[in-house]
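Below you'll find the structure, written out as structure tokens, and then a few comments.
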There are 2 protein chains.
Amino acid sequence: MSISSRFAVGIHILTLIELNKDGVSSSEYLADSVNTNPAVIRKIMGMLKKAGLIEVHPGVAGAKSARNITDITLLDVYKAVNVVQDKELFSIHGNPNPECPVGRNIQETILPLFSAAQAAMEKVLDSVTIEDVVKGIHDKDSCTN
Amino acid sequence: MSISSRFAVGIHILTLIELNKDGVSSSEYLADSVNTNPAVIRKIMGMLKKAGLIEVHPGVAGAKSARNITDITLLDVYKAVNVVQDKELFSIHGNPNPECPVGRNIQETILPLFSAAQAAMEKVLDSVTIEDVVKGIHDKDSCTN
DNA sequence: TTTACTTGTAACTTATTTAATTACTTGTAA
DNA sequence: TTACAAGTAATTAAATAAGTTACAAGTAAA
């Protein structure tokens, strides 16, 4: 199991929009960097737009960031692209046997534990901004390899 | 996306083995509580056995815990049932364009961030034992509903 | 008001994964 | 040797992911 790469692609898109802020970031341009189909990019752009992270307009080429990138965290992107539902990172088997003490109580016993684990993960995502990623790209790309 | 319920079922199995420690926990018995097929249980039992969490023997009915349940954490179960690979909770799109600074560096920039988020989640799982779950079941089942 | 270009979207395909099911073998103990 | 359980492989069905194609709808400039 793995969380959809929509999340990583969403981060890629926002990062590239920032680095290309003086140019036009069309779905084709972004798709060329991500190396996928423009329609895939447009679908994800739609999600980012709906979440208020970018501005895009039908008919007019290019996306712009809708917020300062210091205010966009990875958690914002993660939620925008809808890769994991609330409290559903872990799935719990349905219909356990209610005649057994374990079957009867396992779901509500486990759920808060799973939710806590998911929350810890999301908290880390919330501590990183797109600006951090932009800086990371910059650092790596300017090093003396 | 959701992490396979094999994990929740693994926890269910270990918990029930404990509560039924004086009885015989055969795959059929466990399957009846989980409400699934005995073959599914046997497959997961095989993983738990391989990880040294339970003792099962071909031909002889019933599984027993191989360790004290205070020493089995949810992380042990999670790793045993192989639901998430190391550093692969989040998938990253392959083959980004190396001619673009973002495409060229996005993977190694994002990977440590994703790994840190995954690690935080796993740390929470490591802080909960099967004994905690057993107690949780007990508390819920003995309350005055 | 055309023309050229882009976003928005729907339909379809392919591949992968999950979980359940069936059926069989191997092994154990009474 | 009989009965029963674990181990395991093959198959199915459902869900999801990602890519692809095609086209409608919107915008701006010629």
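Letters A, B, ... are given to chains in the order of the sequence lines, protein chains preceding strands, and every chain is numbered from 1.
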*Could you check A:Val83 against A:Val60 and say which one's nearest nucleotide on DNA chain D is further toward the 5' end?*
A:Val83

*DNA chain D: 5'-proximal contact among A:Asn82 and B:Ser27 (nearest heavy atom)*: B:Ser27

*Mind checking who C:dG8 pairs with, Watson-Crick or G-U wobble, both distances under 3.5 Å?*
D:dC23

Taking 4.0 Å as the cut-off, does a side-chain nitrogen or oxygen of [X] come that near to OP1 or OP2 on [N]?
X       : N      : result
A:Ser26 : C:dT6  : no
B:Thr36 : C:dA20 : yes
A:Ser4  : D:dT16 : no
A:Ser91 : C:dT18 : no

How close or far is atom [atom2] of [N] from atom [atom1] of [X], stated in whole angstroms?
X       : N      : atom1 : atom2 : answer
B:Asp32 : D:dA5  : CG    : C1'   : 16 Å
B:Ile3  : C:dT18 : CD1   : P     : 11 Å
B:Met1  : C:dT17 : CE    : C1'   : 13 Å
A:Phe90 : C:dT18 : CZ    : C1'   : 17 Å
A:His57 : C:dG8  : NE2   : C1'   : 14 Å
A:Asn95 : C:dA20 : CG    : C1'   : 13 Å
A:Ile44 : D:dA17 : CD1   : C1'   : 11 Å
A:Asn35 : D:dT20 : CG    : P     : 9 Å

*From the list D:dA18, C:dG8, D:dA6, which nucleotide is the closest neighbour of the side chain of B:Met45?*
D:dA6

*Of all the nucleotides listed (D:dA6, C:dG8, D:dT20), which has the minimum atom distance to the side chain of A:Arg42?*
C:dG8

_Side-chain heavy atoms of B:Met121 within contact of B:Leu89, under 4.5 Å_ = yes

*Have a look at B:Ala39 and say if it touches a base, only the backbone sugar-phosphate, or nothing, with a 4.0 Å heavy-atom cut-off.*
base

*asked:* Any base atoms under 4.0 Å from B:Lys50, or only sugar-phosphate, or nothing? Heavy atoms, all strands.
replied: nothing

_Main-chain N/O of A:Gln85 paired to A:Gln118 side chain as donor or acceptor, under 3.5 Å_ = yes

*asked:* Please give me the minimum heavy-atom distance between A:Gln107 and A:Asn95, naming the atom from each residue.
replied: NE2-N, 4.1 Å

*Heavy atoms only: give me the nearest A:Ser91-B:Ala8 pair and the separation to one decimal.*
O-CB, 3.7 Å

*asked:* Quick check on DNA chain C: between B:Asn37 and B:Lys43, whose nearest nucleotide comes earlier from the 5' end?
replied: B:Lys43

*Measure up the A:Tyr78 and A:Phe7 rings against each other and bin them: parallel (under 30°), tilted (30 to 60°), perpendicular (over 60°).*
perpendicular

